[in-house]
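Step one of this worksheet: look at the structure below.
Sequence lines set the chain letters: A, B, ... in the order given, protein chains first and strands last, and positions in each chain run from 1. Side chains included, hydrogens not; waters and symmetry mates left out as well; all remaining heavy atoms used. Remember, predicted model here, so these are calculated numbers, not experimental data.
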Amino acid sequence: MNHQLTVYNSLTREKQVFTPIHEGFVGMYVCGPTVYNDVHLGNCRTFVSFDVIYRYLKHLGFKVRYIRNITDVGHLLDDGEDRMLKGAKADQLEPMEVAQKYTLGFHQMMQIFNTLPPSIEPRATGHIPEQIEMVEAIMKNGYGYEANGSVYFDTLAFAEKTGEYGKLSGRVIDELMAESRTLKNQDEKKHPSDFAIWMKAAPEHIMKWNSPWSVGFPGWHLECSAMSTKYLGKEFDIHGGGNDLKFPHHENEIAQNVGSCGCQPAKYWLHTNMLLLNGKKMSKSDGNTISPTELFTGDSVHITKAYSPMAVKFFMLQCHYRSTLDLTDEALQAAEKGYKRLMEALRKLKKLEASTAVGSMDTEIDALVDGIYTDMNDDFSTPKALGTIFELVTKINILSDGGTEGQVSAAVLGKLQTTLNTMIGDVFGLADEGEGDGQGSAVNGLMELILDLRQAARTNKDWPTSDKIRDGLASLKIQVKDGKEGSSWSFQ
RNA sequence: GGUCUCGUGGCCGAGCGGCUAGGCAGAGGUCUGCAAAACCUUCCACAGCGGUUCGAAUCCGCUCGAGACCUCCA
């Protein structure tokens, strides 16, 4: 590697050289979705971001264990009703049926975005004993107290003894006190900033388990603490999630881990920023929202046409994961064209041949190729890397035109091909949607035949026939491209 | 109200004190039977006002504006 990998650590608020706890291994935990509804597009952005991080770490040679949980229990609403229960009421289904339905939908969407599955995808409901054990450990250390069958985390005691609470989010307990609101069970808490780690279930509650304190369910911050510990150990390398989880979720997670075992769970905290729609946060109640499916079908007032999953993914990668990304129709159109141009260049790159002479462009290309790694090593900067890649696209086009102005040696061409294919395909996970099915499918064979016939017509200057074929294909959403060396085609 | 981000050319987005990414759109050109596509070249910036500095989009202060979190949320 040319340079060291640096990452921005939300905990210290600075970029740090990435040094894993155990050389060669990386443990990464990312907060997954709550499966009570269809995946939110913002979720997709977060998971696409961490997918690229996962893939890049693997590409660098680390053995990565990537944990992404499924939250299928335990989140409280203002009215104290369990989220899963609420979903079940709406759909007339068993809670687990709801969870299963949306988990499958989530997986499907992750596949559409061409992300890799995590190493382990633990479910909160499958780790109730671990969570109960953690509550016990917290209580044993004096940071938890029971009230009417529920157990709360004692933030004041914790803050006094450890001085830890609020570090990640930059919050102070005194301030939190002033923000107290009239929440259910507030009276049971000693301090407004205390939070539930075990909740006693109301009689109508469906998802509940036995515990030393009551029949109930775990507090919603607890699952991540318990599952990360179980699969990655008490201390691991990376903890990720959306920006909006910093507080209270991640802050409380740290408190629970420190409170139960005395150690900081993650060395590096990585947070992705929000995806905005037309400059504003997506919100269902305002109608300012768009689902991935709507994006792919074009069925939304916010967009003028359908966008392919890879175009959307490319759009996401053009922005750094720590910046807010504003989704607009215009920006998507720009991204779609950029994506197509990139894929076209990749296809050309495959067919490029090295010069026997000295590669006049060698130095320039070589430096740019190395630059991609420099970009990615800078906190996984996909936008910078794409910038560099597009400079290479121009070089590829020059070489592909076969002029005399540029030549490349076999060594540098090989490096260029390997790096670009690896980076775009294996690390970014951008698949080529425009290309025909490949593998000598019937479509490819047919298209070859049709284009041959059209070429014959063109040679005979039989323009009506030639144009009829072209227009006919166009109405089938197949575009014919006439180039110097014959015609090619692609799906629109 | 509190905590914190951010304001870059027509649009999206890099930039982390000197070497002025990149994509899309616009303009010019190449190719072409025509068209499309593709390709090449190119114009247009750093919210405002002060300050620090030999030098600032980059550092500091203020003003204006936007957004996130503080409550379920990626």
Could you check which of B/A74, B/G23, B/C34 has an atom nearest any side-chain atom of A/R458?
B/C34
Is it the case that the side chain of A/S225 and the backbone of A/E253 share a donor-acceptor pair, with hydrogens and angles ignored and the cut-off at 3.5 Å?
yes
Using whole Å, report how far CE of A/M274 lies from P of B/A66.
20 Å
Checking contacts here: which listed nucleotide (B/C70, B/G15, B/U41) is nearest the side-chain heavy atoms of A/T394?
B/U41
Distance check, P atoms only: B/C31 and B/G17, in whole angstrom units.
46 Å
Aro-ring/base stack A/F390-B/G23, d under 5.5 Å, angle under 30°
no
Proximity of A/H239 and A/Y268 rings by center, below 6.0 Å:
no
With both distances kept under 3.5 Å, what pairs with B/U5, Watson-Crick or G-U wobble?
B/A66
On RNA chain B, compare the nucleotides closest to A/M282 and A/Q333; which residue's is nearer the 5' end?
A/Q333
Which nucleotide sits closest to the side chain of A/F247: B/G67, B/G22, B/C69?
B/C69
Does the B/A36 base have a donor-acceptor partner in the side chain of A/R470 within less than 3.5 Å?
no
Taking the minimum atom-to-atom distance to the side chain of A/D326, which one of B/G13, B/A74, B/G22 wins?
B/G13
Does a donor on one side chain sit under 3.5 Å from an acceptor on the other, for A/N69 and A/T71?
yes
C1' gap between B/U41 and B/C49, integer Å:
39 Å
Would you please say whether a donor-acceptor pair under 3.5 Å links the side chains of A/H302 and A/E294?
no
Does the separation of the ring centres of A/F158 and A/F153 fall below 6.0 angstrom?
yes
Is any N or O donor-acceptor pair between the side chain of A/S466 and the base of B/G33 shorter than 3.5 Å?
yes
Does either side chain, that of A/S323 or that of A/N273, offer a donor lying less than 3.5 Å from an acceptor on the other one?
no
Any idea which of B/C11, B/C73, B/A25 is nearest the A/K337 side chain?
B/A25
Can you find an N or O donor on one side and an acceptor on the other, under 3.5 Å apart, linking the side chain of A/K281 with the base of B/C73?
yes
Closest-nucleotide ordering on RNA chain B, the 5'-leading residue of A/K395 and A/S323:
A/S323
Would you measure the distance from the P atom in B/G51 across to the matching atom in B/A14 and give it in whole Å?
31 Å
A/K280 side-chain proximity, nearest of B/C24, B/A74, B/G67:
B/G67
Does B/U32 have a Watson-Crick or wobble mate here (both distances under 3.5 Å), and if so which one?
none
Is A/H320 touching bases, backbone alone, or none of the nucleic acid, heavy atoms closer than 4.0 Å?
sugar-phosphate
Measuring from the side chain of A/K348 (C-beta onward, heavy atoms only), which nucleotide among B/G33, B/C12, B/A38 has the closest atom?
B/A38
Between B/U42 and B/A25, how far apart are the two C1' atoms, rounded to whole Å?
14 Å
So which nucleotide from B/C40, B/C73, B/C12 ends up closest to the side chain of A/A331?
B/C12
Could you go step by step and tell me if A/D482 and A/R454 meet the salt bridge (charged side-chain N to carboxylate O under 4.0 Å, His left out) rule?
CA-CA 11 Å; A/D482 295 333; A/R454 178 162 174 273; 3.0 Å; yes
Kindly point out which of B/C11, B/G67, B/A36 is positioned nearest to the side chain of A/Q479?
B/A36
Establish whether the base of B/G67 is bridged to the side chain of A/N273 by a donor-acceptor pair shorter than 3.5 Å.
no
Quick check on B/C24: is either OP1 or OP2 less than 4.0 Å from any side-chain nitrogen or oxygen of A/R341?
yes
Within this structure, what is the CD-to-C1' distance between A/E251 and B/C4, rounded to whole angstrom?
14 Å
When you get a sec, tell me which of B/C70, B/G33, B/G23 is the closest nucleotide to the side chain of A/W463?
B/G33
Under 4.0 Å, counting only non-hydrogen atoms across every strand here, what does A/E344 touch: a base, just sugar-phosphate, or nothing?
nothing
